[in-house]
Protein chains: 2
Amino acid sequence: MPETTTVSLAGAIAVDLIAVLVAVVNGSPSVLTVQNGDALPSGPFEDAHRSLQTGLRIWVEEQTHHPLGYVEQLYTFADRDRSAAGSSQRVISISYLGLTRETRGEVGWRSWYDYFPWEDHRDGPPVVIAEHLVPRLRDWAQAGGTAALPEERWRRCAFAFGLDGAAWNEELVLQRYELLYEAALVPERVRETGGQSDATRISGRAMTGDHRRILATGIARLRAKIKYRPVVFELMQPAFTLLQLQRAVEALAGRLVHKQNFRRLIEQQELVEETGVTTSDTGGRPAKLFRFRHAVLAERAAAGTKLPLTRA
Amino acid sequence: MPETTTVSLAGAIAVDLIAVLVAVVNGSPSVLTVQNGDALPSGPFEDAHRSLQTGLRIWVEEQTHHPLGYVEQLYTFADRDRSAAGSSQRVISISYLGLTRETRGEVGWRSWYDYFPWEDHRDGPPVVIAEHLVPRLRDWAQAGGTAALPEERWRRCAFAFGLDGAAWNEELVLQRYELLYEAALVPERVRETGGQSDATRISGRAMTGDHRRILATGIARLRAKIKYRPVVFELMQPAFTLLQLQRAVEALAGRLVHKQNFRRLIEQQELVEETGVTTSDTGGRPAKLFRFRHAVLAERAAAGTKLPLTRA
DNA sequence: CTTTCTTATACTCCATATGAGCATAAATCC
DNA sequence: GGATTTATGCTCATATGGAGTATAAGAAAG
């Protein structure tokens, strides 16, 4: 195998950057969208950019006027069916997850639960699962021909959605979406995009191309990451109460955590320090305001905010 | 922002696939190399390939005649300095981690500790750290000009290499390499590649371009992954003793684990099942042979082999 | 054939982490 | 001033993980 790089043969190859930009807006975990919520922001990777990461930063800040905090690469796609039909053009899509402190109430931010209604378990399991998804998934499993296929299909569903005694695992965002895709329960499967169709309430808002799959990838990555890296703080204001921090974590994870244990965890890991100020804006007894101890970033690369989950 | 994809402007863009192919050969965690150990196998992404992953599988199996087990994307690079000097060609490098059961004693497999001698702590901290790396890192830190920079540099070194009371963290493979790179302690920094220079014993074997950085990324990813996903089994023969399994984990992690606790962990997670056969090839009391319970892949996507680490 | 060595395997012990809940404190709202 | 709400401190039971002791079963040495 030669070490020299090689010019690709047929057709030009274009490189696109796609961003999953996350902020917590009014307690909702939100993602920046364009085209009236139908797509994630994306743009060509310009030859002028020094690197992918800087390319992304430059144009996100150009487009959104937001300072971009934490950035991490998600995945690179180049599946053939991503190309525009009839075109010989091959598109490489490199997706990124970015965290930012949303400030002004700008347009384009949408709760990610608009796109994944079944992912929000903060008020218990969403009714849409038992009411609509389970029956349809069961039908799909049953339609799995002969032999072991129906059982196999249903086992996957039960595992992904926490049915039949299995516990809900909030990190399986992508698996759940791909299951629904496979079962043809999302409109992307049949190329009809967006719209306010009746099905939106069941299958969530659709997106262009595979943007919703990319979004699912980003959510899954973030839900996993908050458990072992102090990334939540990238989404917080400089000073915050512990309950505000907890609400942010809960918004991302889509489930509630035990209040006292959450405080214990944060404090014993020394992730925060008191500012000396308290606020009464929260109602009830005034809460101390904390700030993130930036020192921990250097101290412990592996430090993290584990979730003290409430057992089902 | 337009949703349509865009043709890049100046120069063509080529896409390269780079593989970090891992196997455990005679107890050594090994990686498949080409060019006499100077480079990782890589090749152009052909337009004919259906997707990146299949593109990689096809050509790895073409080149190595190895069945490729677990495959996962590592990272996509496009830094400007990766391009050949003088060329306007832009190269996107998409790297993958692949696990395989090496069988015949073929050429090209090399212990990854040839490239990262400081990463093998199975017999305690390698002397090269205290003998050679620490003094040079200290010099580099000291040379950090005025103010807080020297302290800051040294803090990073101490954290990455587990000095000054910090614990050794085997997952920080990439951080360590990048620190050595920054301190100009690896030959890649000055573009002189390969060779059996005296420095190899200290800074490890070098590689072409940023291949060693990609290898470091792969090792780090794998060391993290074995703790929460049952991927070690991809590297094992169909039947194995628990000690063989433990040795494989230790080879990858570069550190020893507590034998009894390792067994407890594996068994209580029901990752394996007895074959009913025992072997006396191990010396001492015959050991039961086990096989991986493939069912767990379906049962628990989040199942894993956590390391019962020995405390320093 | 007994001793010795080596590896396999079964248990015990203890410190810490984590899920869960009770109790009290300090504000606001009527 | 009592009800309500949020903040915060503390206890308890259990699970988990690091570490060590003890015993079993084979091969090799003598």
Side-chain angles (χ1 to χ4, degrees), chain A residues 27 121 167-170 226-228 239-250 253 255-290 300 302-312, chain B residues 27 121 167-170 226-228 239-250 253 255-290 300 302-312:
Chain A
H121 287 232
W168 172 260
N169 182 344
E170 71 277 3
I226 52 174
K227 293 180 185 162
Y228 62 95
F240 47 83
T241 70
L242 291 184
L243 185 56
Q244 286 167 346
L245 183 66
Q246 183 186 339
R247 293 288 178 238
V249 168
E250 291 174 336
R255 63 189 305 176
L256 299 179
V257 305
H258 187 280
K259 187 172 183 170
Q260 295 93 321
N261 291 346
F262 180 77
R263 300 168 59 86
R264 176 176 64 187
L265 197 72
I266 299 295
E267 284 170 345
Q268 85 184 11
Q269 294 192 173
E270 299 182 286
L271 293 171
V272 298
E273 61 192 0
E274 299 186 9
T275 60
V277 187
T278 61
T279 176
S280 302
D281 300 345
T282 54
R285 172 174 167 178
K288 291 179 187 166
L289 284 172
F290 292 84
R300 295 168 290 174
T305 308
K306 288 181 205 153
L307 289 178
L309 296 174
T310 304
R311 210 176 276 175
Chain B
H121 287 232
W168 172 260
N169 182 344
E170 71 278 3
I226 52 174
K227 292 180 187 164
Y228 61 95
F240 46 83
T241 71
L242 290 184
L243 185 56
Q244 286 166 347
L245 182 66
Q246 182 186 342
R247 294 288 178 237
V249 169
E250 290 174 336
R255 62 190 303 177
L256 299 179
V257 305
H258 187 280
K259 186 172 183 172
Q260 296 93 322
N261 291 346
F262 180 77
R263 300 169 57 87
R264 175 175 66 187
L265 197 71
I266 298 295
E267 283 169 347
Q268 84 185 11
Q269 292 192 172
E270 300 182 286
L271 292 172
V272 297
E273 61 191 2
E274 300 185 8
T275 60
V277 187
T278 62
T279 174
S280 301
D281 300 345
T282 53
R285 172 174 167 179
K288 291 179 188 166
L289 284 173
F290 292 84
R300 297 167 288 175
T305 308
K306 289 182 203 148
L307 289 177
L309 296 174
T310 303
R311 212 175 272 173

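The shown structure was predicted, so the numbers you read here are calculated from the model rather than taken from an experiment. So that the names make sense, note that chain A is the first sequence line, chain B the second, and so on, each numbered from 1.
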Novice: Could you state the CG-P distance from B:L256 to D:dG18, rounded to the nearest angstrom?
Specialist: 14 Å

Novice: Hey, which of B:K288, B:K259, B:E267 is the one that makes side chain to side chain contact (heavy atoms under 4.5 Å, CB included) with B:L242?
Specialist: B:E267

Novice: Out of D:dT8, C:dG19, D:dG17, which has the shortest distance to the side chain of A:A287?
Specialist: D:dT8

Novice: Just how far, in rounded Å, is P of D:dT11 from NE2 of A:H258?
Specialist: 15 Å

Novice: Using whole Å, what does the distance between atom C1' of nucleotide D:dC10 and atom CD of A:E267 come to?
Specialist: 13 Å

Novice: Return the value, rounded to whole Å, for the distance between atom CG of B:L265 and atom P of D:dA15.
Specialist: 16 Å

Novice: Would you kindly give the CG-to-C1' distance between A:N261 and C:dT16, to the nearest whole Å?
Specialist: 14 Å

Novice: Within the structure shown, what part of the strands sits under 4.0 Å from A:L243 by heavy-atom distance: base, sugar-phosphate, or nothing?
Specialist: sugar-phosphate

Novice: Would you classify A:K259 as touching base, sugar-phosphate or nothing, given that sugar-phosphate means primed atoms plus P, OP1 and OP2, and contacts are heavy atoms under 4.0 Å?
Specialist: base

Novice: Considering only side-chain heavy atoms of B:R263, which listed nucleotide, C:dG19, C:dC13, C:dA10, is closest?
Specialist: C:dA10

Novice: Quick one: A:D281 CG to D:dT6 P, roughly how many Å, whole number?
Specialist: 13 Å

Novice: Report each atom pair, protein N/O against N/O of nucleotides 22-26 of chain D, whose distance is under 3.5 angstrom.
Specialist:
from	atom 1	to	atom 2	distance (Å)
D:dA24	N3	B:R285	NH1	3.1
D:dA25	O4'	B:R285	NE	3.4

